[in-house]
J.: 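I have a structure here, written as structure tokens, and I will follow up with some questions on it.
All chains are named by letter (A, B, ...) in the order of the sequence lines, taking the proteins before the strands, and each is independently numbered beginning at 1.
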Protein chains: 2
Amino acid sequence: MARPALSREEVLDTAAALVRAHGPDGLTMRGLAAALGTAVTSIYWHVGNRESLLDALAERTVTDLGAIRPHGEDPAERIASVAHALRRALRERPHLVAMVHERGLTERMFLPAHRALVREAHAAGLRGERAAELVRAVAFQVVGYVLVERNRERAPVQSPADQELWDAETADADPPLARALAAPVEADRLFAASVRALVTGLLAGATAPAAGDIGDKPDTGDGSVGRGPYSQ
Amino acid sequence: MARPALSREEVLDTAAALVRAHGPDGLTMRGLAAALGTAVTSIYWHVGNRESLLDALAERTVTDLGAIRPHGEDPAERIASVAHALRRALRERPHLVAMVHERGLTERMFLPAHRALVREAHAAGLRGERAAELVRAVAFQVVGYVLVERNRERAPVQSPADQELWDAETADADPPLARALAAPVEADRLFAASVRALVTGLLAGATAPAAGDIGDKPDTGDGSVGRGPYSQ
DNA sequence: ACCTGAACACCGTTCAAGT
DNA sequence: ACCTGAACACCGTTCAAGT
């Protein structure tokens, strides 16, 4: 056999490629063995069984997900930028993210983003429970949106054309509305609008910290201005 | 032989019960046959195959979902009440709803709720595209939240205790925040707060009804107006 | 018209046996 | 230490044969 020795890493790499391409259901032990050019049973020696193989892939995804860097002029903008970066990262590996989620590792995967949101919530003048609420509401919003979006893409043909549903209903009362609802969802625009609305609502009534406080907010105190604590 | 004649309805009823109890994966043709007391192959005569059986269950769920009736003093409250009713309905049959979603029937399932939201958006003074945006943002918010919630419940044990993650991070800067983030998510409260914030944001700047076309843009109607404001 | 068992091609997994 | 084929218990599905 010309095959070089099989390694756990190689098994994981090939398995990850299969999952990215065809989803978890597209990963069969026999198919993976064929892709690797080995016997099915060799895989078991390296990764145990299918379930722990998927566990390993999820674990990998958690560490693969890099840090999130907010940018923008004010806290609201910077919070929105975190939401957008998060959405993009999630959408790049939908199947793997779903696996992370099913295994209860979402919290850990989101830690960098959570921390960034905490900083921005503080900068916006929210503290304590209200800051926690913002962090979680934004995180839920992003994950939820991506989940809905993914499902929509998987099943893009809505059985009755939306037109049909809305024309009779509201055409007379509000034609632009009927037209808007008959058009396909513009996912990017809707996401931006939803995030903006949510953040606006969450920050409503928040009193920004005084100018003196905001300039040097109580960071880690290590004096490394410009570099976030997530740089590693 | 004591078995009365099998009917399509009976097959669907028993299959739905199995899906509600054990999820779609818990529905095997052999298991269903055992529950019905017939041969596996009899099921095929009545419903074709497993896939079309699941299709039928999804279709059923769509029609089962009753109309949504808003209640509350003002539009914001009534919109929130629709969101809450929707969430409850979805949570009562998570597996079936997921199946509806996978089959692209969500739009149809949501039609009653959509219509209710349109009415409230109008009452709040939103028209045209902005009203459509509200309808969709709220719908996405609810579905997304329920999806996240369901996944969280399925995998309740987050691997590192949240305490561990947050104590060191923010305990000094904002102890109440650290405490809040270390506590388990209060799903009802968070949902209520998120919906409230989203609706507040969406209605911000809306003028009372009687005003004419407000947000109407000089658009040719090609549907691809402007790229999102958040193109990073 | 309705039901049946046998058979087929797929799974994931185990295990004794190889090197 | 690493790999293998054979075998087992599951799948969904088809089909000729029953009544």
J.: Give me the residues of residues 6-16 of chain B where at least one heavy atom lies under 4.0 Å from an atom of DNA chain C, by number, or none.
T.: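 Output list: L6(B).
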J.: Check for a donor-acceptor pair, side chain of Y145(B) on one end and backbone N or O of L190(B) on the other, with a separation under 3.5 Å.
T.: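 Side chain of Y145(B) to backbone of L190(B): no pair is present.
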J.: Side chain of D55(B), backbone of A58(B): donor and acceptor closer than 3.5 Å?
T.: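 Pair absent, no side-chain N/O of D55(B) close to backbone of A58(B).
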J.: One thing to verify: whether R87(A) and D188(A) come together as a salt bridge, which I'm taking to mean a side-chain N less than 4.0 angstrom from a carboxylate O.
T.: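 A salt bridge links D188(A) with R87(A).
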J.: Can you see whether D64(B) engages T61(B) through a side-chain donor-acceptor pair at a distance of less than 3.5 angstrom?
T.: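 T61(B) and D64(B) do not have a side-chain donor-acceptor pair below 3.5 Å.
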J.: May I have the list of side-chain donor-acceptor pairs in residues 9-27 of chain A shorter than 3.5 Å, sequence neighbours left out?
T.:
{"residue": "E9(A)", "atom": "OE1", "partner": "R60(A)", "partner atom": "NH2", "Å": "3.0"}
{"residue": "E10(A)", "atom": "OE1", "partner": "R3(A)", "partner atom": "NH2", "Å": "3.2"}
{"residue": "E10(A)", "atom": "OE2", "partner": "R3(A)", "partner atom": "NH2", "Å": "2.5"}
{"residue": "D13(A)", "atom": "OD1", "partner": "R60(A)", "partner atom": "NH1", "Å": "3.0"}
{"residue": "D13(A)", "atom": "OD1", "partner": "R60(A)", "partner atom": "NH2", "Å": "2.7"}
{"residue": "T14(A)", "atom": "OG1", "partner": "E10(A)", "partner atom": "O", "Å": "3.0"}

J.: Identify, with sequence neighbours excluded, every residue that meets side-chain contact (heavy atoms from CB on, under 4.5 Å) alongside E186(B).
T.: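 Result, side-chain contact (heavy atoms from CB on, under 4.5 Å) vs E186(B): R189(B).
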J.: My validator wants the stems of DNA chain D: runs of 3 or more consecutive Watson-Crick or G-U pairs, both distances under 3.5 Å, written as range with range.
T.: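 Paired runs of 3+ in DNA chain D: C:4-8 with D:12-16, C:12-16 with D:4-8.
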J.: When rounded to the nearest 0.5 angstrom, what distance separates CH2 in W45(A) from CG in L6(A)?
T.: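 So the gap between those two atoms works out to 10.0 Å.
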J.: Can you pull every protein N or O that's under 3.5 Å from an N or O on nucleotides 7-11 of chain D?
T.:
{"residue": "dC11(D)", "atom": "N4", "partner": "R30(B)", "partner atom": "NH2", "Å": "3.4"}

J.: Identify the residue among L96(B), V146(B), V100(B) that makes a side-chain contact (heavy atoms from CB on, under 4.5 Å) with L90(B).
T.: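 Output: one option passes, namely V146(B).
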J.: Do any of residues 33-49 of chain B sit with a heavy atom less than 4.0 Å from DNA chain C, and if so which?
T.: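 Close to the strand are T38(B), A39(B), T41(B), S42(B), W45(B), H46(B).
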J.: Side chains of V118(A) and L134(A): does their closest heavy-atom pair fall under 4.5 Å?
T.: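 No - every pair of side-chain heavy atoms lies 4.5 Å or more apart.
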J.: Is the shortest side-chain N to carboxylate O distance from E133(B) to R196(A) below 4.0 Å?
T.: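 Salt bridge between E133(B) and R196(A), a charged N being under 4.0 Å from a carboxylate O: no.
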J.: Treating R130(A) as the side-chain partner and L202(A) as the backbone partner, does any N or O pair qualify as donor plus acceptor under 3.5 Å?
T.: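 Yes: the side chain of R130(A) pairs with the backbone of L202(A).
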